[in-house]
Amino acid sequence: MTAPEAPGPLTGLEQAAHLHSLAERIHHAADDLPAPESSHSLASISEEVEDQVRVIVGVFASLAHEAAVHGRAAKRRPGTADALAHRKVALMTRVADPLGWALAKLGEAVSQIGRLHEISADPRTPERAQAIDSARAALDDRLFSAHRHLTNAAGNLHRDADLLVAAASGSRRGSTAPPAHPNRPPAALPVSTPGPPAASRTLR
C-alpha cells in the first residue's frame, strides 16, 4: 500500500483559511455584544445577547462536527489521515475552552437581565434604584468578561492558523504539540472591572 503523500503548502493554506474564517465569526460575535454601560434599552440588550449566544452555540456545533467527522474518518481508515489534518483539528477544537467561558459569562449576563426585569417592576424607591445599579454593574462586568474571552479565542485561532501554514511549508517539523494558550476558568482570573472595550469593539 502506498503511503499517503505529505501535505503541501496549498493544503496548509486551505486549512488555515478555515481557521481564519472561524476566528472571524468569533470576533464578530464579540464586536456585536452590547458594550458595557450601553445606553440601549434592557429589551434591546436582551435581544443582542440572545443573538450572540446563538452565534457561539453555532460555532460550538461546528467544532463538535469537525471533531466527529475527523474521528469517524480516522476510525474507518486508520493511518490515512495526515499530520496536518490532525493538527488542524487539535488547534480548532482547542478554542472550545475560551468559548465555553464566554458562554458561561453570557449565561450569568442573562441571569442579571432577568433580575433587572424583576427589579424594574417594583415600586420606585431608593432601594430599587440601588438594586438596579448593582444588577446593571454586574451585567456590564459579565458582558466585558465574555467579550474578553471571545477576543482571546479569536486571536488565538488566527495565530494557530498561521502555524498550519508554517507546518505545511516545512518550517515547523516534528509532532511536538503546539503550546497551550493561557485560557483559565473565570474563577482563576483576577476579578475584572468593566472598562473600555478592546479597540476592535463596536461601540453603540
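Here the closest heavy-atom approach between residue Gln52 and residue Ala29 is recorded as OE1-CA, 3.3 Å. Closest of all the heavy-atom pairs between His117 and Ser46 is NE2-OG, 3.7 Å. Nearest heavy-atom pair, Arg25 versus Ser62, reported as atom, atom and distance to 0.1 Å: NH1-OG, 3.4 Å. Across all non-hydrogen atoms, the minimal contact from Glu108 to Arg142 is OE1-NE, 2.9 Å. The nearest pair of heavy atoms linking Ala30 to His147 is O-CD2, 3.1 Å. Heavy-atom minimum distance, Leu106 versus Val53: CD1-CG2, 3.9 Å.
For the atom pair CG of Leu99 and CG of Asn152, the computed distance is 11.0 Å after rounding to the nearest 0.5 Å. Remark: Ser134 OG to Leu139 CG distance equals 11.5 Å, nearest 0.5 Å. Put simply, CG on Asn156 and CG on Leu19 are 11.5 Å apart, with the number rounded to the nearest 0.5 Å. Once rounded to the nearest 0.5 Å, the distance linking CG of Leu22 with NE2 of His158 reads 9.5 Å. Separation of atoms CD1 (Ile113) and CD (Glu118) is listed at 14.0 Å; rounding is to 0.5 Å. Interatomic distance, Leu42 CG to Arg136 CZ, rounded to the nearest 0.5 Å: 7.5 Å.
Side-chain contact between Val95 and Asp160 is absent, with no heavy-atom pair separated by less than 4.5 Å. For the pair Leu33 and Leu150, the minimum side-chain heavy-atom distance is below 4.5 Å.
With hydrogens and angles left out, the side-chain atoms of Lys88 and His18 include a donor and acceptor closer than 3.5 Å.
Under a hydrophobic-cluster definition in which Ile, Leu, Val, Met, Phe, Trp and Tyr are linked whenever side-chain heavy atoms come within less than 4.5 Å, directly or via other members, Leu103 and Leu63 are assigned to the same cluster. Both Val110 and Phe60 are part of a single hydrophobic cluster, where members link through side-chain heavy atoms under 4.5 Å apart. Val55 and Val57 fall into different hydrophobic clusters, defined by Ile, Leu, Val, Met, Phe, Trp and Tyr side-chain heavy atoms under 4.5 Å apart, directly or through other members.
Annotation: Gln130, atom CD; neighbour count of heavy atoms from other residues, nucleotides and ligands within 6.0 Å does not exceed 12.
Side chain of Asp141 to main chain of Ala137: no donor-acceptor pair is present (N/O by atom type, distance under 3.5 Å, no hydrogens or angles).
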Checking side chain to side chain contact (heavy atoms under 4.5 Å, CB included) for the pair Leu116/Ile45: CA distance, chi angles, key distance, verdict?
-> CA-CA 11 Å; Leu116 282 165; Ile45 291 174; over 6 Å; no
Apply side chain to side chain contact (heavy atoms under 4.5 Å, CB included) to His20 and Asp162, showing your working.
-> CA-CA 9 Å; His20 280 306; Asp162 294 335; 3.5 Å; yes
